[in-house]
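Proteins come first, then strands; the chains are lettered A, B, ... in the order of their sequence lines, and each starts at number 1.
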Protein chains: 2
Amino acid sequence: MSKQALPVVGPDPVACCPPIAVRPMDADQAAVVAPMFKALGDPVRLRLMSMIASVPEICVCDLTPAFDLSGPTISHHLKVLREAGLVDSERRGTWVWYRVRPDAFRQLGALLEISTRDGGA
Amino acid sequence: MSKQALPVVGPDPVACCPPIAVRPMDADQAAVVAPMFKALGDPVRLRLMSMIASVPEICVCDLTPAFDLSGPTISHHLKVLREAGLVDSERRGTWVWYRVRPDAFRQLGALLEISTRDGGA
DNA sequence: ATGCTGTTTTGAAGTCTGTCAACCTAGAGG
DNA sequence: CCTCTAGGTTGACAGACTTCAAAACAGCAT
């Protein structure tokens with residue numbers, strides 16, 4: 001029963017996207033996935049993503065002091081991560097908490113899985 | 001003995017970089033890795049990377065016709081992938097062949113591995 | 001040598017990105 | 001109501017990115 005109805009909230013990572021080393025990616029799929037990689041393509045955002053992914057959730061007030069950047073700049077980078085679908089945010093009282101979106105994260109990981117095509121290349 | 005002297009051609013993917021969901025990434029590491037993600041953050045380059053990674057090696061002459069872009073533009077994108085350390089190129093006679101760099105590819109995959117920290121978040 | 005084909009480099013135009021200052025909004029607490 | 005703090009939004013600017021045309025380079029074949 002539990003296998004019959006998969007919890008497909010978004011597209012299933014693997015079913016939708018075999019690793020890029022297995023089959024050439026078509027233009028449509030690339031247009032969807034590239035923005036996710038792009039979001040991770042900035043050192044600040046990569047660190048933000050890592051800080052968020054390393055804990056169940058984290059407050060912006062704990063993210064900002066880790067950088068020599070203004071609040072608006074951090075806010076901007078968080079927005080990019082949010083719009084790429086990599087993280088979610090939720091206001092609880094005074095503070096805003098960020099959380100990784102595991103499905104998106106898994107999808108990216110699946111795309112970079114090494115091909116089992118051979119043992120050499 | 002075999003464990004004592006690791007074949008460290010480049011930095012060992014896993015030893016150097018635990019998944020970003022395990023431990024926050026420091027600024028130095030982010031500065032090294034972000035350009036790789038950035039290189040994959042363009043739809044054209046993502047497709048190029050996928051085409052290259054799907055086969056042992058591939059000629060530029062087989063890459064260019066897959067896009068509605070000029071030769072120089074494709075060449076530029078290939079250069080970005082090359083300088084990010086994701087692919088290698090080799091001229092053989094008239095044509096230039098591109099090949100994925102498995103170590104870099106593995107490193108990126110390892111970074112996106114899902115944390116085994118828990119089953120919930 | 002001369003030409004032909006495949007690939008890269010150079011130069012330039014237009015667009016996008018990262019950053020901050022200034023301002024605005026949401027909630028807590030008088 | 002007002003004030004204070006935490007975050008986000010807007011506007012602006014310097015620098016980077018994508019793209020192409022033109023030129024340069026590399027190798028094969030007359």
Is there a donor-acceptor contact under 3.5 Å from the side chain of Ser50(A) to the main chain of Arg23(B)? yes
Which residues share a side chain to side chain contact (heavy atoms under 4.5 Å, CB included) with Glu57(B), sequence neighbours left out: Arg92(B), Trp97(B), Arg99(B)
Does the protein touch nucleotides 24-30 of chain D at the base, only the backbone, or not at all? Give it as B, S and - per nucleotide, heavy atoms under 4.0 Å. --SSS--
Would you say the side chain of Val33(B) lies within less than 4.5 Å of the side chain of Leu40(A), judging by non-hydrogen atoms? no
Mind calculating the distance between CG (Leu69(B)) and P (dA21(D)) to the nearest angstrom? 11 Å
Side-chain heavy-atom pair Met49(B), Leu78(B) within 4.5 angstrom cut-off: no
Salt bridge (Lys or Arg N to Asp or Glu O under 4.0 Å) pairs, two or more places apart, involving residues 24-34 of chain B: none
Report yes if some heavy atom in the side chain of Pro19(B) is under 4.5 Å from a heavy atom in the side chain of Leu111(B); otherwise report no. no
Show, in sequence, the C-alpha distance, side-chain angles and deciding distance for Met25(A) and Met51(B), and conclude whether the side chain to side chain contact (heavy atoms under 4.5 Å, CB included) test is met. CA-CA 7 Å; Met25(A) 200 172 224; Met51(B) 292 173 75; over 6 Å; no
Please identify each residue that fulfils side chain to side chain contact (heavy atoms under 4.5 Å, CB included) with His77(A), with sequence neighbours left out. Asp42(A), Val44(A), Arg45(A), Leu48(A), Thr73(A)
Residues in side chain to side chain contact (heavy atoms under 4.5 Å, CB included) with Ser75(B), at least two apart? none
With a 4.0 Å cut-off on heavy atoms, is Phe67(B) in touch with a base, just the backbone sugar-phosphate, or nothing at all? nothing
Does a nitrogen or oxygen in the side chain of Tyr98(A) sit under 4.0 Å from OP1 or OP2 of dA6(D)? no
Please give me every residue in residues 31-45 of chain A whose heavy atoms get under 4.0 Å of an atom in DNA chain D, ordered by residue number. none
Please answer whether the main-chain N or O of Ile74(A) pairs with a side-chain N or O of Thr64(A) as donor and acceptor at a distance below 3.5 Å. no
Using chain A heavy atoms and a threshold of under 4.0 Å, write down where along DNA chain C the contacts begin and end, 5' to 3'. dT17(C) to dA28(C)
Just so I know, are the side chains of Leu86(A) and Phe105(A) near enough to count as touching, which here means a heavy-atom distance under 4.5 Å? no
If I take atom NZ in residue Lys79(B) and atom C1' in nucleotide dT18(D), what distance separates them, rounded to the nearest angstrom? 14 Å
Nearest-Å distance, CG (Asp62(A)) to P (dA6(D))? 11 Å
Residues forming a side chain to side chain donor-acceptor pair (under 3.5 Å) with Arg82(B), sequence neighbours excluded: Tyr98(B)
Quick one: Trp95(A) CH2 to dG8(D) P, roughly how many Å, whole number? 14 Å
Per the under-4.0 Å heavy-atom filter, residues of residues 71-78 of chain A near DNA chain D come out as Pro72(A), Ser75(A)
Please list, chain by chain and in numerical order, all residues satisfying side chain to side chain contact (heavy atoms under 4.5 Å, CB included) with Cys61(A), sequence neighbours excluded. Cys59(A), Trp95(A)
